[in-house]
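One structure is given here, and the rest of the page talks about it.
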Amino acid sequence: MVGTRRPQLVLFGSSVVQMSFNVGGWGAILADLYARKADVLLRGYSGWNTRMALHVLDEVFPKDEPVQPSLVILYFGGNDATNPHPTGLGTHVPLPEYIENMKKMILHIKSLSDETRIICLTSPPVNEARVRELFGNALDDQVRTNEGCRIYSEKLVELCREMDVEAINLWTAIQERDDWTDSCFIDGIHLSAEGSQTVVKEILKVLKRVDWEPSLYWLEMASEFPDDSPYYVVGPDGKTTVNLSSRFGTWQNVWLDI
């Protein structure tokens, strides 16, 4: 912890989360939008499934911490949805167990504090042709299919509805683009900058719509150290300074109207 305490937005999940701070990634975009407003913390673990996540849940989110997250964006599912390997090894988790594991994680995160919110992300779709192009038949015995991701995604949305938790169906949202197979992935599985923009748009739509108090929508949150200062740049009138605490970068304008 450094300096004053800001709200914490924690991204917890597998490679879709770990890679979200890549250039143009959805985590990096959120960190940019929430500068001076909240700390976006990355807890991403490539290759993990919900079984692995449950083993470290208490370490990632200890209940006895004096400061708890304001928001947890939770993503697991793509690895769980892969076909089972004949040896029993690998990332596959049967659908009923996956849903039970997600339920356990949601309940744990909900218990952290009365003001800890959750948004669950489902698995994105898969460009199976691109995966085959890059990996050949190396993954045939534990392949990730678009249909499998659909099934796991729909069941997660159903669980979130039952538990009164916000869910974003990325499997559906990304496929709303006609060119999603080519534009939204770097390798058929992991998100490109264009795919990440869809994730950010869907997250901001939720944060703008919900009636959480305090609001976690970036445009409604106060900037840290917002006071005027004689040390800011002098404005056009030559007499007063321009307070930059709430100014946007021109590249952020695309996110102003969600």
Side-chain angles (χ1 to χ4, degrees), residues 1-13 16-44 60-61 65-75 109 112-119 121 166 168 170 173 183-184 186 191-258:
M1 179 62 66
V2 295
T4 57
R5 287 178 173 168
R6 302 175 179 178
Q8 295 181 354
L9 313 184
V10 183
L11 317 182
F12 180 47
V16 167
V17 172
Q18 180 173 323
M19 298 171 67
S20 71
F21 270 39
N22 288 354
V23 175
W26 60 274
I29 295 172
L30 289 176
D32 178 55
L33 294 179
Y34 282 87
R36 296 185 70 162
K37 299 187 176 189
D39 290 328
V40 180
L41 306 180
L42 182 64
R43 297 295 184 268
V60 177
F61 299 106
E65 282 295 316
V67 178
Q68 294 293 352
S70 297
L71 173 66
V72 176
I73 297 179
L74 179 63
Y75 166 75
I109 294 167
L112 296 177
S113 81
D114 291 338
E115 293 188 349
T116 298
R117 315 299 185 180
I118 309 172
I119 297 175
L121 307 180
E166 294 295 329
I168 296 173
L170 293 183
S183 65
C184 290
I186 57 175
L191 298 168
S192 64
E194 289 83 355
S196 285
Q197 289 170 14
T198 296
V199 179
V200 173
K201 179 180 178 181
E202 295 301 317
I203 291 172
L204 293 181
K205 283 164 61 176
V206 169
L207 293 175
K208 183 177 182 180
R209 171 178 54 79
V210 295
D211 58 355
W212 293 338
E213 291 291 342
S215 175
L216 296 174
Y217 181 53
W218 72 294
L219 290 176
E220 296 175 0
M221 296 176 70
S223 292
E224 190 175 62
F225 304 128
D227 298 335
D228 291 334
S229 170
Y231 303 116
Y232 277 126
V233 65
V234 178
D237 63 6
K239 299 177 181 179
T240 59
T241 57
V242 179
N243 189 326
L244 301 176
S245 62
S246 298
R247 293 297 180 98
F248 310 118
T250 55
W251 64 92
Q252 296 172 322
N253 289 339
V254 67
W255 305 110
L256 297 180
D257 185 22
I258 295 295

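The shown structure was predicted, so the numbers you read here are calculated from the model rather than taken from an experiment. If you read the sequence from its start, that first residue is 1, and numbering goes on from there.
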As an exercise, state the distance from [atom1] of [X] to [atom2] of [Y], rounded to the nearest 0.5 Å.
X	Y	atom1	atom2	answer
Ile73	Leu42	CD1	CG	11.0 Å
Asp39	Glu224	CG	CD	8.0 Å
Ser192	Asn22	OG	CG	11.0 Å
Asp114	Gln68	CG	CD	11.0 Å
Lys208	Trp218	NZ	CH2	11.0 Å
Asp32	Trp251	CG	CH2	6.0 Å

Is there a donor-acceptor pair under 3.5 Å between the side chain of [X] and the backbone N or O of [Y]?
X	Y	value
Thr116	Pro69	yes
Ser196	Ala193	no
Asp228	Thr241	no
Ser245	Ser223	no
Arg6	Val40	no

Identify the two heavy atoms, one from [X] and one from [Y], that lie closest to each other, and give their separation to 0.1 Å.
X	Y	answer
Leu11	Ser20	CD1-OG, 3.9 Å
Glu166	Arg209	OE1-NH2, 2.6 Å
Ser70	Leu216	O-CD1, 3.6 Å
Val67	Gln8	CG1-NE2, 4.3 Å
Met221	Pro7	CE-CG, 3.9 Å
Phe61	Phe12	CE1-CD2, 3.6 Å

By ring pair (Phe, Tyr, Trp, His ring centres under 6.0 Å), which residues pair with Tyr75, not counting sequence neighbours?
->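 None.
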How about Ser215 and Glu220: does a side-chain donor come under 3.5 Å of a side-chain acceptor? yes
Could you list the donor-acceptor pairs under 3.5 angstrom formed by side chains in residues 198-206, with sequence neighbours left out?
residue	atom	partner	partner atom	Å
Glu202	OE2	Lys205	NZ	3.3

- Item | Candidate pair Leu71 and Leu207, rule side chain to side chain contact (heavy atoms under 4.5 Å, CB included), full reasoning | CA-CA 10 Å; Leu71 173 66; Leu207 293 175; 4.1 Å; yes
Show, in sequence, the C-alpha distance, side-chain angles and deciding distance for Leu121 and Trp26, and conclude whether the side chain to side chain contact (heavy atoms under 4.5 Å, CB included) test is met. CA-CA 12 Å; Leu121 307 180; Trp26 60 274; 3.9 Å; yes
Going through the distances and angles, do Leu191 and Met19 end up as a side chain to side chain contact (heavy atoms under 4.5 Å, CB included)? CA-CA 8 Å; Leu191 298 168; Met19 298 171 67; over 6 Å; no
Would you call [X] and [Y] a side-chain contact if the rule is heavy atoms closer than 4.5 Å?
X	Y	result
Arg117	Val210	no
Val254	Gln197	no
Glu115	Trp212	no

CA sep, side-chain torsions, deciding dist, call: Phe21, Leu30, side chain to side chain contact (heavy atoms under 4.5 Å, CB included): CA-CA 9 Å; Phe21 270 39; Leu30 289 176; over 6 Å; no
